[in-house]
Amino acid sequence: MNFYEQVYTVVRRIPRGRVTSYGRIAKMLGRPRAARAVGYALNALRDEADHDVPWQRVVNAAGRISIVNREFGSNLQAEKLRDEGIVIDEQLRLVDFTAVLWVGLDWHETEDLIDSNGK
DNA sequence: TTGTTGACCCAAG
DNA sequence: TCTTGGGCCAACA
């Protein structure tokens, strides 16, 4: 199981209507400083036609959406999150970030998850 | 092997 | 608030 797959495994555990951050995911995987790599992994999803990873539930540590659309005034990630009931303002900030934040799993639990799921 | 590039993070100012 | 700078990790040429 490579790093990307580990990231996806954790992201799939995020409940609907909740969010977490790149850094937290990295921490769950036992790599507290690999946040950038998590973003890189999610970026790679765009090329995969068929996946069930709720990438929209991952934002940066400040509770803001990091993906920039060239199209003015709309943002795919914001739309998806609003569909789940999350309130986002015009500047792509999650209004109630702390309330919807998914604290996630500790390293130990994540390890088990990856083991049982991995090949 | 080296350098560059990100959907990042955090501390300062 | 916002901008900077330094630090980090993984993929890729």
Side-chain angles (χ1 to χ4, degrees):
Chain A
M1 203 180 199
N2 61 33
F3 184 75
Y4 279 23
E5 290 173 19
Q6 291 178 26
V7 171
Y8 304 151
T9 298
V10 170
V11 173
R12 276 192 278 256
R13 308 297 287 191
I14 305 174
R16 181 183 170 82
R18 309 291 295 283
V19 300
T20 193
S21 75
Y22 301 93
R24 278 178 182 283
I25 291 172
K27 207 172 296 182
M28 290 177 216
L29 293 173
R31 302 229 127 76
R33 290 167 212 81
R36 294 190 77 150
V38 172
Y40 198 98
L42 295 184
N43 177 52
L45 280 175
R46 291 199 245 199
D47 302 327
E48 309 219 5
D50 205 19
H51 67 71
D52 59 347
V53 183
W55 55 267
Q56 73 275 17
R57 296 177 190 149
V58 186
V59 299
N60 68 25
R64 306 228 296 218
I65 289 174
S66 293
I67 307 173
V68 186
N69 281 43
R70 19 190 116 77
E71 187 173 348
F72 185 71
S74 80
N75 179 287
L76 179 60
Q77 183 173 13
E79 286 172 19
K80 282 174 168 285
L81 290 177
R82 288 185 182 122
D83 280 349
E84 300 189 357
I86 295 173
V87 183
I88 297 166
D89 67 19
E90 309 74 30
Q91 306 181 49
L92 299 182
R93 279 193 296 240
L94 275 67
V95 173
D96 214 355
F97 181 47
T98 55
V100 295
L101 178 62
W102 182 64
V103 176
L105 314 165
D106 63 33
W107 180 49
H108 189 62
E109 291 174 300
T110 312
E111 216 176 18
D112 292 343
L113 182 62
I114 289 168
D115 280 351
S116 60
N117 195 8
K119 38 159 138 187

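No hydrogens, no waters, no symmetry mates; every other heavy atom, side chains included, goes into these values. Labels below follow one simple rule: chain letters A, B, ... track the order of the sequence lines, proteins then strands, and each chain is numbered from 1.
Taking the side chain to side chain contact (heavy atoms under 4.5 Å, CB included) definition, one finds that A/V95 meets it with A/V87, A/D89, sequence neighbours left out. Residues satisfying the side chain to side chain donor-acceptor pair (under 3.5 Å) criterion with A/R46, sequence neighbours excluded, are A/N43. Take A/V11 and apply the side chain to side chain contact (heavy atoms under 4.5 Å, CB included) test, not counting sequence neighbours, and it matches A/V7, A/I14, A/I25, A/L42, A/V53, A/P54, A/V58. Qualifying side chain to side chain donor-acceptor pair (under 3.5 Å) partners for A/D52, counting only residues two or more places apart in sequence or in other chains: A/R12. Scanning for side chain to side chain contact (heavy atoms under 4.5 Å, CB included) contacts around A/A61 gives an empty result, with sequence neighbours left out. Judged as a side chain to side chain donor-acceptor pair (under 3.5 Å), and not counting sequence neighbours, the contacts of A/E84 are A/Q56, A/R57. Not counting sequence neighbours, A/D47 has no partner by the side chain to side chain donor-acceptor pair (under 3.5 Å) test.
A residue-by-residue look at A/A37 and A/N60 shows that A/A37 has its nearest nucleotide of DNA chain B further toward the 5' end.
Non-hydrogen atoms lying under 4.0 Å from DNA chain C are contributed by nothing in residues 87-111 of chain A. Remark: A/R31, A/R33, A/A34 in residues 9-34 of chain A come within less than 4.0 Å of DNA chain C through at least one heavy atom.
Going from atom CG of A/L42 over to atom P of C/dC9 covers 18 Å, rounded to whole Å. The interatomic distance linking A/D47 (CG) with B/dA7 (P) rounds to 12 Å, in whole Å. Here the C1' atom of nucleotide B/dA7 and the CG atom of A/L81 are 13 Å apart, to the nearest Å. When rounded to the nearest whole Å, the span between CZ of A/R36 and C1' of B/dC10 equals 13 Å. Separating the OH atom of A/Y4 from the P atom of B/dG6 is a distance of 13 Å, rounded to the nearest angstrom.
When hydrophobic clusters are built by joining Ile, Leu, Val, Met, Phe, Trp and Tyr residues whose side-chain heavy atoms come closer than 4.5 Å, directly or via intermediates, A/L45 is grouped together with A/Y40.
Residues in residues 94-106 of chain A take part in no side-chain hydrogen bond (donor to acceptor under 3.5 Å, both in side chains) pair, two or more places apart or across chains. Under the salt bridge (charged side-chain N to carboxylate O under 4.0 Å, His left out) criterion, no residue pair touches residues 27-43 of chain A, with sequence neighbours excluded.
For the atom pair A/L113 CG and A/R13 CZ, the distance stands at 5.0 Å (nearest 0.5 Å).
One donor-acceptor pair, N or O on each side, does fall under 3.5 Å between the base of B/dA7 and the side chain of A/R46.
Of the P atoms belonging to C/dG6 and B/dA7, the separation is 22 Å, rounded to the nearest Å.
Nearest nucleotide to the A/Y40 side chain, out of B/dA7, C/dC2, C/dC12: C/dC12. Taking the side chain of A/N43 as heavy atoms from C-beta on, and the options B/dA7, B/dG6, C/dA11, the nearest nucleotide is B/dA7.
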Just the table, please: protein N/O against nucleotides 11-13 of chain B N/O, every pair under 3.5 Å.
none

